[in-house]
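Read the numbers this way: they start at 1 and go in the same order the structure lists the ligands and their atoms. No hydrogens, no waters, no symmetry mates; every other heavy atom, side chains included, goes into these values.
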Amino acid sequence: MKRSLPALIALLSLVGGLAGAQEKKPAPQPHPTGYTDTPFLPGGKWRVHDDNRPRPDVVTPGKTSSEAPSDAIVLFDGSNLDEWVMDKDNAPADWIVKDGFMEVPSKGQGVGGYIRTKREFRDIQLHLEFATPEKVEGNSQGRGNSGVFFLGNFELQILDSYENKSYADGQASALYGYKPPLVNACRKPGEWQTYDIIFEAPKWDAEGNLLKKAYISVLQNGVLTQHRQAYLGATGHKSVANYNKVIESGPLKLQDHGNPTRFRNIWVRELDLDANN
Ligand code: MG
């Protein structure tokens, strides 16, 4: 006997319904929350799926991936520069704050210079938004140049790299003077752009020997531009970076390169990447 497909489905569901009415389904077995009889992982501290292993701390994410999560330190929310000082003399930061962003003061106003956070950091996750000047002035490294310096020394370049044929290791998302980004993910001049960054601080032994280099991973506008890239050392200009100086922690620094680059929505999460949890 040939049946149409809808008729067959109707028949099957009817049979299923009758069977369900006759036998009560057994209550689902609860899944164990963990195990205490599984093999140990290398190192012997925790078993596979160990029930005694501490669960991760709960963090409430922001409503969007740009909004600071509950455990973030907000370094700039658009209202003031309370978390920042002038790098040169520790005076209150004098960059322009208006309309929810900060801006590098234009040259010739007798103000400006690098600013840095009052706080010092080691390993961090950083979210930062920037916009290079809408009106394109200058060329190459003179276009919307700024930068984020981790531990005050390891620069991730900010530049208006939109259709800008400047040298590769000076483009936005470059480890300045060393490593070009994987791709050029720049938006147009004047448009807001995002950096989402994981920075790992270098490690040294008691004698000042380098144990681990600094590493950085970067998403620019959601596009991977650096993937756990090691720094060659503290950033220099027209010189090869090096690890001659022990730098274990330090502030975040923003560069005044004479271009009115804007910033907004800056927050960090302190990380403890060595924690054995
Ligand atoms: Mg720069």
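Counting heavy atoms of neighbouring residues, nucleotides and ligands inside a 6.0 Å radius, atom NZ of K135 does not exceed 12 of them.
Using cut-offs of 30° and 60° for the angle between ring planes, the Y243 and F154 rings count as tilted.
Listed by chain and residue number, D123, D274 satisfy the salt bridge (Lys or Arg N to Asp or Glu O under 4.0 Å) test with K203 (two or more places apart in sequence, or in another chain).
By the criterion of a separation under 2.8 Å, the protein N/O/S atoms near the Mg ion (ligand 1) amount to N145 OD1, S146 O, E155 OE2, Q157 OE1, Q255 OE1.
Separation of the F130 and Y195 ring centroids falls under the 6.0 Å cut-off. Taking the centre of each ring, F150 and Y231 stay at or above the 6.0 Å mark.
The shortest distance between side-chain heavy atoms of P133 and D160 does not fall below 4.5 Å.
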